[in-house]
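One structure is given here, and the rest of the page talks about it.
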Amino acid sequence: MAARKKIAVAGATGRVGRPLVELLRARGHDVVPMSRSLGVDVITGDGLAEALEGVEAIVDVATGPSPEEGPATEFFTRATHNLQEFGAKAGVRQIVVVSIIATDKFESGYGAAKVAHEQAMLAGPLPARILRAAQFHELVGQLVEWGAQGDVSYVPKMRSQLVAASAVAEVAADLATGPEPAAGAPIVEVAGPREESLVDVATRLVAKRGDTVKIVGVSDPDGRAAEVYESGGMLPGPGANLAGPTFDEWLATTF
């Protein structure tokens, strides 16, 4: 069992943040949950110095309000600057940041914003560990809502090994409580146990919920992005951490 540590979680009330806080506490660690609703703002820096007092590791799972490249890049780089700067002053030893599998294959959009996020983390004074995750089970319903036009929802054609947010939290906790990363530490990946079609899982989701919306798969208008999505470019590499539940197992216990 890892030695007890004091760990701060940025984005503690989010999709990964909630199970991560619970998991770290269950393992016996002191946890400092950070979010605007809890009085800590990673963008303005309000409350950050106080929150990081005595903290040994930070896990950054915070996300901004916009999926657009410009606003998302601004959010991630500003938050990273503050976490690195305030963290260094507080004596934090390392940062773990959750990113997206294959994000480095994108030159625009949200994927490019996450690349900027990773690069800013790695350029900071504190050692950083990158954890790239597959798309979350929990994201499918959101994509259905975003793509809804009347009684049809247009969902991106994508191959992915969808993963539960709780499984991502498990690996993030392992990294945060483990040894500090060496310079040039490899990127860690986490994905689900089985490849899925995003269109297929969205169809199963709406059927389970009893929705009448029809799911229609569409190619991304960016040809490069469409190629990555549809060719398997979003699938994990051979050394990835694979963790259940499968999407159908998650679906059965969620709705």
Checking [X] now: which residues fulfil salt bridge (charged side-chain N to carboxylate O under 4.0 Å, His left out) with it, not counting sequence neighbours?
X    : result
D220 : none
D104 : R132
R25  : none

Open item on the list: Using side chain to side chain contact (heavy atoms under 4.5 Å, CB included), reason through V59 and I7 one step at a time and then give a plain yes or no.
Closed with: CA-CA 7 Å; V59 184; I7 301 169; 4.1 Å; yes
- [ ] State whether R4 and D30 are salt-bridged, where the test is any N-O pair (Lys NZ or Arg NE/NH1/NH2 against Asp/Glu carboxylate O) under 4.0 Å.
- [x]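 Salt bridge: yes.
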Task: Residues which pass side-chain hydrogen bond (donor to acceptor under 3.5 Å, both in side chains) with E22, listed by chain and number, not counting sequence neighbours - done: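 In terms of side-chain hydrogen bond (donor to acceptor under 3.5 Å, both in side chains), with neighbours along the sequence ignored, E22 is linked to no residue.
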Task: Separation between CD1 of I43 and OG1 of T77, rounded to the nearest 0.5 Å - done: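 Spacing of CD1 (I43) from OG1 (T77) equals 8.0 Å.
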Pairing residues for [X] by the side-chain contact (heavy atoms from CB on, under 4.5 Å) criterion, not counting sequence neighbours:
X    : value
S153 : V144, V155, V213, I215
P125 : Q84, A88
P181 : Q94, P127, R129, A185
E85  : H81, N82, K89

Task: Trace of the side chain to side chain contact (heavy atoms under 4.5 Å, CB included) decision for L198 with V201 - done: CA-CA 5 Å; L198 194 57; V201 296; 4.0 Å; yes
Are the side chain of [X] and the backbone of [Y] linked by a donor-acceptor contact shorter than 3.5 Å?
X    : Y    : value
T103 : G111 : yes
Q149 : Y154 : no
R36  : D41  : no
K114 : A72  : no

Open item on the list: Could you check whether any side-chain heavy atom of F255 comes within less than 4.5 Å of a side-chain heavy atom of L205, counting everything from C-beta outward?
Closed with: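 Yes, their side chains come closer than 4.5 Å.
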- [ ] Report yes if some heavy atom in the side chain of L24 is under 4.5 Å from a heavy atom in the side chain of T177; otherwise report no.
- [x]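 Side chain of L24 against side chain of T177, heavy atoms only: contact under 4.5 Å found.
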Open item on the list: For the CD atom on E107, are there more than 12 heavy atoms of other groups (residues, nucleotides or ligands in this structure) within a distance under 6.0 Å?
Closed with: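 Open: at most 12 neighbouring heavy atoms sit under 6.0 Å from CD of E107.
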For [range], pull every pair meeting side chain to side chain donor-acceptor pair (under 3.5 Å), keeping only residues two or more places apart or in separate chains.
range            : value
residues 226-237 : S219-E230
residues 158-170 : R27-E170, Q135-S160, R159-E195
residues 56-76   : D60-H117

Donor-acceptor pairs are to be reported for all side-chain atoms of residues 233-250 against protein atoms at under 3.5 Å, with residues two or more places apart or in another chain.
from	atom 1	to	atom 2	distance (Å)
N241	ND2	E189	O	3.0
T246	OG1	E249	N	3.1
T246	OG1	E249	OE1	3.4
D248	OD1	R204	NE	2.8
D248	OD1	R204	NH2	3.3
D248	OD2	R194	NH2	3.4
E249	OE1	T246	N	2.9
W250	NE1	T254	OG1	3.4

